[in-house]
Amino acid sequence: MQKLGEFKLPHFFNYPPYFTLQPVRDTREKQIQLWKELILDYCKTQKVFVIGLEEEFPLFTNTVIERSLTFEAREAFLLALVSEGRAEWMDKGHRKCLILWHRIQEWADILLQFAKDNGLEDGVVTIEEIRFGTESQGTELQGIDRTILNRALKLLEQKGKLVVFKGTSTDDEGIKFSV
C-alpha cells in the first residue's frame, strides 16, 4: 500500500481513472464520495485546515502512476465537501477552502471537554495557549486554525459557555470558560 509520509493511501489512489472526473453519474458519485473521505481523513491526520485550488496539495498528484487531478476535478471534490458542510470557501473567487473535518459544533464540544479535562472552568486562558500550550499538545486542538477556533468560541459564547476578552493584540485574547 502506498503512503504519503505516514499516511496510508487507499487502493483507488493508484487507479488512474480516479484522477479523471467520470462521465457516468453513478461512477462519478462513487468517485466523489471516495475523494471526500480521503480529503477529510488526510486533512484530519495531517492537521491541514486550508486547501488552495491552485496550490500544490499532496493528494492531488500521484507520481507513481503519473496522474494529477484537473482543476475541475479538484473544484468538484471541494464543492462536494462544501455542499455537505464539511468545508467552506474562504474567498469569493472560490480559490481557498477551509476544511472542516469536525463541524464547528463538534469543535465547540472538543473545546468544552478540553476545558473540563484541564480544570479550566472559571479560569482564564489565552487563545494561543489553546492552540499551542502544554495542555493542548497531542490533542486535536494543537495548532487548530484560528478561524475555526474563533468560530467555535463564538458559538460557545452565544450559548453562555464562555466569555472572550479582547486584548490589545490577537496574541493576548483571553477566554474564561463557565462550563
Side-chain angles (χ1 to χ4, degrees), residues 1-114 117 127 130-132 136-156:
M1 177 171 278
Q2 189 178 346
K3 288 184 172 186
L4 260 177
E6 292 299 309
F7 184 78
K8 292 181 183 174
L9 294 162
H11 293 292
F12 85 83
F13 195 76
N14 285 322
Y15 188 54
Y18 273 88
F19 280 84
T20 305
L21 276 177
Q22 296 301 299
V24 177
R25 195 180 107 249
D26 289 346
T27 308
R28 181 182 287 217
E29 286 174 5
K30 171 80 171 160
Q31 176 189 32
I32 288 172
Q33 184 61 37
L34 288 170
W35 274 98
K36 286 187 309 187
E37 291 168 6
L38 175 60
I39 290 168
L40 287 173
D41 189 33
Y42 180 82
C43 288
K44 182 177 182 175
T45 60
Q46 303 302 307
K47 292 197 174 248
V48 173
F49 293 95
V50 177
I51 297 176
L53 270 179
E54 298 168 340
E55 298 168 13
E56 287 298 315
F57 184 66
L59 294 180
F60 293 163
T61 300
N62 184 338
T63 55
V64 173
I65 61 170
E66 298 179 354
R67 291 286 192 273
S68 292
L69 290 175
T70 63
F71 179 86
E72 291 75 22
R74 295 173 187 206
E75 188 174 43
F77 301 149
L78 292 177
L79 193 56
L81 287 170
V82 168
S83 70
E84 288 183 359
R86 302 312 302 250
E88 296 175 358
W89 295 114
M90 298 178 73
D91 60 331
K92 290 182 182 186
H94 293 190
R95 295 295 177 247
K96 285 196 181 287
C97 204
L98 182 68
I99 304 300
L100 300 170
W101 67 80
H102 288 306
R103 288 180 168 87
I104 299 300
Q105 178 59 58
E106 294 167 339
W107 280 114
D109 294 342
I110 290 168
L111 271 167
L112 283 180
Q113 192 59 52
F114 173 80
D117 291 348
I127 287 179
I130 290 175
R131 295 179 71 213
F132 301 111
S136 68
Q137 298 299 310
T139 72
E140 288 188 288
L141 293 173
Q142 180 181 353
I144 185 173
D145 179 83
R146 192 176 249 294
T147 302
I148 292 172
L149 178 59
N150 285 339
R151 296 214 11 235
L153 291 171
K154 185 175 182 179
L155 179 64
L156 291 171

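Worth knowing before you read on, the calculation uses all heavy atoms, side chains too, and leaves out hydrogens, waters and symmetry mates.
Put simply, the side chain of N62 gets close to the backbone of F13: a donor and an acceptor are under 3.5 Å apart. Using modelled atom types, one side-chain atom of Q22 and one backbone atom of P17 make a donor-acceptor pair closer than 3.5 Å.
Defined by atom type and a distance below 3.5 Å, a donor-acceptor pair is present between the side-chain atoms of K36 and Q33. Side chains of D109 and Q113: no donor on one and acceptor on the other come within 3.5 Å. E140 and H102 are linked by a side-chain donor-acceptor pair at a separation below 3.5 angstrom, with hydrogens and angles left out of the test.
Between W35 and Y18, a ring centre-to-centre spacing not shorter than 6.0 Å is recorded. Proximity of the aromatic rings of W107 and F114 is defined here by a centroid distance below 6.0 angstrom, and this criterion is not met. Residues F77 and F60 place their aromatic rings such that the two centres sit no closer than 6.0 Å.
Between the CD1 atom of I127 and the CD1 atom of I144 there is a distance of 10.5 Å, given to the nearest 0.5 Å. Rounding to the nearest 0.5 angstrom, the gap separating the OG1 atom in T45 from the CD atom in E6 is 10.5 Å.
Y15 OH: 12 or fewer foreign heavy atoms inside a 6.0 Å radius. The number of heavy-atom neighbours closer than 6.0 Å to NZ of K47, taken from other residues, nucleotides and ligands shown, is above 12.
When the options L155, L153, L156, L149 are evaluated for a side-chain contact (heavy atoms from CB on, under 4.5 Å) with I104, the one that passes is L155.
Considering only residues two or more places apart in sequence or on other chains, R86 meets the salt bridge (charged side-chain N to carboxylate O under 4.0 Å, His left out) condition with none of them. Listed by chain and number, the residues in a side chain to side chain donor-acceptor pair (under 3.5 Å) with R131 are E128 (sequence neighbours excluded).
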*Tell me, with the steps shown, if E84 and R103 meet salt bridge (Lys or Arg N to Asp or Glu O under 4.0 Å).*
CA-CA 10 Å; E84 288 183 359; R103 288 180 168 87; 5.6 Å; no
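Comment: E55 engages K96 in a salt bridge, judged by a side-chain N to carboxylate O separation of less than 4.0 angstrom.
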